[in-house]
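Since we're looking at a predicted model, the values are computed, not measured. Convention: sequence-line order gives letters A, B, ...; per-chain numbering from 1.
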Protein chains: 2
Amino acid sequence: MICKSYKSFFNAMADECKLSIINLLSKGPLAVNDVSRKLGYEQSRVSHALTALKDNGFVVGSRNGKSMQYSLEPKIMVPLLKLIDRHVETYHRSKCGCRGVRWRDMK
Amino acid sequence: MICKSYKSFFNAMADECKLSIINLLSKGPLAVNDVSRKLGYEQSRVSHALTALKDNGFVVGSRNGKSMQYSLEPKIMVPLLKLIDRHVETYHRSKCGCRGVRWRDMK
DNA sequence: AGTTTATATGATAATAGATTCATATGATAT
DNA sequence: ATATCATATGAATCTATTATCATATAAACT
């Protein structure tokens, strides 16, 4: 039995839904409903995804009245996104046919 | 349709097999067979995993006679592992019950 | 208290990903 | 050329993760 943290870490972001949420939150904090509407995902889908992201320390949530405000954890996300952007740019440009693609270009 | 690179990036490392291989290769380059024997994994399992890691630019392979020598791509792996180590240490220590765990402690 | 709005949770269904097995390719040596 | 060793590939199976649906909790307001 190994410490599962590393797996959990990567898994937390290895799908489109969570990546889109990260991308969206990179523009600013939002409530679950806002994310849900903006991305066209079901509420519970977003909630499950945010829980996973929160459990791995990528986002933080704070209650604001009836709603929850979620925002990226900048300490990890800023250097991580920067690193990934650079790497993805280098290694995947040709594969996906998108040149100069950036995180924020994702739909 | 979105650029799948980010997903692919994280997915490439989101399982125990690939993480163990990365951990092992962090000590130095190895051939497929060596990895296979040292980790007790099947040859084809290791090969599939290394292919995924290679396709995402985390390792490079170079032929050495009959065998292939695989090694980590230091440009991405050194800063990435450092970042992850720090983050995992911070956020998951309590969850997995291992204090001060490091990448190299994985079995 | 009851109603509405917002989010979370749990169980099942659906999907994506990994592992295995059999086999193919590639390199070296005889 | 063929035998052997090393790695890669493809398809089928197995497993893990995600999405959905129904429902529960939580806060605010009347």
Side-chain angles (χ1 to χ4, degrees), chain A residues 1-25 29-56 58-71 95-96 106, chain B residues 1-25 29-56 58-71 95-96 106:
Chain A
M1 191 63 170
I2 65 159
C3 175
K4 298 244 168 63
S5 299
Y6 294 96
K7 180 178 174 190
S8 177
F9 178 98
F10 288 108
N11 211 46
M13 288 198 278
D15 80 300
E16 189 181 316
C17 177
K18 291 179 206 133
L19 285 168
S20 301
I21 291 174
I22 288 170
N23 181 44
L24 185 58
L25 291 184
L30 285 173
V32 180
N33 241 342
D34 298 328
V35 174
S36 181
R37 269 183 297 104
K38 290 207 182 199
L39 296 177
Y41 294 153
E42 255 197 65
Q43 178 271 320
S44 79
R45 188 182 177 189
V46 173
S47 183
H48 278 299
L50 281 167
T51 299
L53 289 170
K54 190 178 65 183
D55 287 348
N56 285 277
F58 297 119
V59 306
V60 288
S62 64
R63 192 164 270 284
N64 186 355
K66 277 188 276 190
S67 71
M68 289 288 291
Q69 188 87 331
Y70 282 95
S71 53
K95 281 187 192 171
C96 65
M106 282 177 50
Chain B
M1 191 63 170
I2 64 159
C3 173
K4 298 246 169 62
S5 299
Y6 294 95
K7 181 176 174 190
S8 176
F9 178 97
F10 288 109
N11 212 47
M13 288 198 279
D15 80 303
E16 188 180 317
C17 178
K18 291 179 205 132
L19 285 168
S20 301
I21 291 175
I22 287 169
N23 182 43
L24 185 58
L25 291 183
L30 285 174
V32 180
N33 241 342
D34 298 328
V35 174
S36 181
R37 268 183 296 103
K38 289 207 183 202
L39 296 177
Y41 294 154
E42 255 199 65
Q43 179 270 321
S44 79
R45 187 182 179 190
V46 173
S47 183
H48 278 299
L50 280 167
T51 298
L53 289 170
K54 190 178 65 184
D55 287 348
N56 285 279
F58 297 120
V59 305
V60 287
S62 64
R63 191 163 272 284
N64 186 356
K66 278 187 275 190
S67 70
M68 289 288 291
Q69 189 88 333
Y70 281 95
S71 53
K95 281 187 193 170
C96 66
M106 283 176 48

Considering only [options], which nucleotide approaches the side chain of [X] most closely?
{"X": "B:D15", "options": "D:dC21, C:dT19, C:dA8", "answer": "C:dT19"}
{"X": "A:R63", "options": "D:dT20, D:dA27, D:dT9", "answer": "D:dA27"}
{"X": "B:Y70", "options": "D:dA6, D:dA27, D:dT7", "answer": "D:dT7"}
{"X": "B:K18", "options": "D:dT20, C:dA18, C:dA6", "answer": "C:dA18"}

Strictly below 4.0 Å: does [X] bring a side-chain N or O up to OP1 or OP2 of [N]?
{"X": "A:K66", "N": "C:dT3", "result": "no"}
{"X": "B:S67", "N": "D:dA6", "result": "no"}
{"X": "B:N33", "N": "D:dT7", "result": "yes"}
{"X": "B:N11", "N": "C:dG17", "result": "yes"}
{"X": "B:K54", "N": "D:dT7", "result": "no"}

> Any donor-acceptor pair under 3.5 Å joining the side chain of B:Q43 to the base of D:dA6?
Replying inline: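 For B:Q43, whose side chain was compared with the base of D:dA6, there is no donor-acceptor pair (under 3.5 Å).
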> If you find the nucleotide of DNA chain C closest to A:Q69 and the one closest to B:C17, which residue's nucleotide is nearer the 5' end?
Replying inline: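 Looking at DNA chain C, the more 5' nearest nucleotide goes with A:Q69.
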Is there a side-chain contact between [X] and [Y] in this structure, where contact means two heavy atoms from C-beta onward sitting under 4.5 Å apart?
{"X": "B:V60", "Y": "B:S71", "answer": "yes"}
{"X": "B:Y6", "Y": "A:M13", "answer": "no"}
{"X": "A:V46", "Y": "A:L30", "answer": "no"}
{"X": "B:L19", "Y": "A:F10", "answer": "yes"}

Expressed as a whole number of angstroms, how long is the span from [X]:[atom1] to [N]:[atom2]?
{"X": "A:R45", "N": "C:dG10", "atom1": "CZ", "atom2": "C1'", "answer": "18 Å"}
{"X": "B:N56", "N": "C:dG17", "atom1": "CG", "atom2": "P", "answer": "12 Å"}
{"X": "A:K7", "N": "C:dG17", "atom1": "NZ", "atom2": "P", "answer": "13 Å"}
{"X": "B:Y41", "N": "C:dT19", "atom1": "OH", "atom2": "C1'", "answer": "12 Å"}
{"X": "A:R37", "N": "C:dT5", "atom1": "CZ", "atom2": "P", "answer": "13 Å"}
{"X": "B:D55", "N": "C:dG17", "atom1": "CG", "atom2": "C1'", "answer": "15 Å"}
{"X": "A:M68", "N": "D:dA28", "atom1": "CE", "atom2": "C1'", "answer": "16 Å"}

Considering every strand and a 4.0 Å limit on heavy-atom distances, what is the contact class for [X]: base, sugar-phosphate, or nothing?
{"X": "A:A14", "result": "nothing"}
{"X": "B:A49", "result": "nothing"}
{"X": "B:S44", "result": "base"}

> Want to settle it: does B:H48 or B:D34 sit nearer the 5' end of DNA chain D, counting the closest nucleotide to each?
Replying inline: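 Result: B:D34.
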>> Nearest 0.5 Å, please: how far is NZ in B:K7 from CG in B:N56?
In response: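 Separation between the atoms: 12.0 Å.
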> Any idea which heavy atoms bring B:V32 and B:S47 closest together, and the distance?
Replying inline: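 Nearest heavy atoms, B:V32 then B:S47: CG1-N, 4.4 Å.
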